[in-house]
Amino acid sequence: MQTQILTITRPDDWHLHLRDGAALQAVIPFSARQMGRAVIMPNLKPPVVTVADALAYRERILAAVPAARNFQPLMTLYLTDRATPTLIREAKAAGIIACKLYPAGATTNSASGVCDLWALLPVLETMAQVGLPLLVHGEVTDEDIDIFDREAVFIERILFPLLQRLPELKLVFEHITTAEAAQLVTEASDQVAATVTPQHLLYNRNAILVGGIKPHYYCLPVLKRETHRSALLKAVSGKQAHKFFLGTDSAPHAQNNKESACGCAGIFSAFAGIELYAEAFEQVDALDKLQAFASENGPRFYGLPENSDTITLKKCARMVPASFAYGDQQLIPLRAQETIAWTLVE
Ligand code: DOR
Ligand code: ZN
């Protein structure tokens, strides 16, 4: 049998955590090798809340891009309760691509996130006016809501009312994990889109809990039941697939912070983002839909051109290393010491 070769327009990562300092240095070559651009998440410590913070962070990222690569970071601001319409106008003028909504306490470094979304209505109205998208971490944080239900409850209590109140707002429902989220995005206007991670397409919640606790499969929103994974695969390959695009949510944490009595949420997948997605699309016989998901739907939503070069993948199993260097620590990748069915050809 002939080796399967797949050449597609160079993809972009519309949801990426690059961190800062030594961690940034360690992880950026992986994204720069496959992606043309990436939307950079602002949940640093302290978070990226001003235009000056974002522009300075952008310079640090560009300085860390390996010389042979052409990789463009697209910067975001972290919304807090103190955000103002003036900040939004400044952000738009400075080329900031979007603002990220972290409900306070929802995930890693979200303590400064938004407590009362409705108090931010003037800010959101300004975003709609100037055409700055809102990127949403869609989970409620109420103690009495089960962690597996937090996305579905967010849709009911927050997202649905928000979309009704501000239909002109461009909104990306980030890293969706449920059939409910896939349905909402599928049925919404073209102002609404979603990113989907490789882990939510490839794994269900058994990956975290069967055979022992597996901290390297723990991320937020947490992996869900198999029915939800199937719904996501259907969404990215179905009739409304143009509303879904690639966002790895690759979120590196040092090994000791993951393998701990209170392990951090986040999965490091950037070393093989596109190969992992190829595996997922192949599972549902939809490799012909991979290019749109990885390289076309994101640029169209954001009003940017597609990348002008291509990448090539080969159906050839590749062993994932046990770990990568991460400053003076170690980073355990998704699928460490197992294989991935596809390999990016340099
Ligand atoms: O698993 C996650 N890790 N989910 C998030 O929302 C944040 C991310 C991180 O920054 O580590
Ligand atoms: Zn994220």
Side-chain angles (χ1 to χ4, degrees), residues 12-21 23-24 26-28 31 35 38-49 57 61 73-79 97-114 133-141 147-148 150-151 154 171-178 181 193-203 205 207-208 213-224 245-260 262-270 273 276 298 326-327 329 331-334:
D12 303 296
D13 189 342
W14 301 96
H15 185 130
L16 178 64
H17 298 267
L18 282 178
R19 315 302 190 205
D20 212 344
L24 166 64
V27 297
I28 198 167
S31 291
M35 305 294 171
V39 171
I40 310 302
M41 288 298 127
N43 62 334
L44 302 182
K45 263 187 184 167
V48 177
V49 293
Y57 185 30
I61 294 169
L74 305 171
M75 306 310 293
T76 61
L77 292 188
Y78 181 117
L79 282 183
I97 192 154
C99 293
K100 178 74 189 272
L101 167 68
Y102 287 106
T107 188
T108 309
N109 298 345
S110 63
S112 329
V114 172
L134 180 70
L135 313 185
V136 177
H137 183 112
E139 290 190 287
V140 295
T141 57
I147 192 163
F148 292 102
R150 287 180 170 196
E151 185 172 281
F154 183 90
L171 185 147
V172 184
F173 197 171
E174 297 290 337
H175 43 52
I176 61 165
T177 65
T178 58
T195 55
V196 191
T197 75
Q199 63 265 27
H200 293 105
L201 292 173
L202 288 167
Y203 297 99
R205 63 195 196 176
I208 321 170
I213 292 186
K214 313 268 175 58
H216 299 295
Y217 290 87
Y218 174 60
C219 65
L220 287 171
V222 72
L223 295 172
K224 304 295 192 300
F245 41 82
L246 188 161
T248 61
D249 198 18
S250 179
H253 291 277
Q255 178 176 16
N256 59 312
N257 293 330
K258 293 283 299 171
E259 298 172 11
S260 146
C262 183
C264 294
I267 291 178
F268 179 63
S269 62
L276 291 161
Y326 191 61
Q329 299 180 296
L331 177 59
I332 310 296
L334 180 61

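Atoms within each ligand, like the ligands themselves, are counted from 1 in listed order.
Minimum interatomic distance between Pro252 and Leu331 (heavy atoms only, all atoms of both residues): CB-CD1, 3.7 Å.
Classified by interplanar angle (parallel below 30°, tilted 30° to 60°, perpendicular above 60°), the ring pair Trp14/Phe245 is perpendicular.
Considering backbone and side-chain N/O of Arg19, one or more are found under 3.5 Å from N/O of ligand 1. Taking only nitrogen or oxygen atoms, main chain and side chain alike, Ala251 does not reach within less than 3.5 Å of ligand 1. The distance criterion of under 3.5 Å between nitrogen or oxygen atoms is met by Gly266 with respect to ligand 1. Considering backbone and side-chain N/O of His253, one or more are found under 3.5 Å from N/O of ligand 1. Of the polar atoms of Ala265, at least one N or O is found under 3.5 Å from an N or O of ligand 1, judged by distance alone.
Here Asp249 contributes OD1 and His17 contributes NE2, and at the Zn ion (ligand 2) these two atoms make an angle of 90°, given to 10°.
Under 4.0 angstrom from ligand 1, the non-hydrogen atoms of Asn43 all belong to its side chain.
In this structure, CG in Asp12 is found 8.5 Å from CG in Leu246, a value given to the nearest 0.5 Å. From Leu135, atom CG reaches atom NE2 of His15 across 8.5 Å, with rounding to the nearest 0.5 Å.
Of all atoms in ligand 1, listed by their number and element, those nearer than 4.0 Å to a heavy atom of Cys219 are 1 (O). Within the listing of ligand 1, atoms 6 (O) sit less than 4.0 angstrom from a heavy atom of His137.
For the pair Asp13 (side chain) and Thr248 (backbone), a donor-acceptor distance under 3.5 Å is present.
Side chains of Thr76 and Lys100: a donor-acceptor N/O pair is absent below 3.5 angstrom, by distance only.
The nearest heavy-atom contact from the protein to atom 7 (C) of ligand 1 is Thr107 OG1, 3.3 Å.
Of the candidates Asn257, Ile267, Leu220, Leu220 brings a heavy atom nearest to atom 1 (O) of ligand 1.
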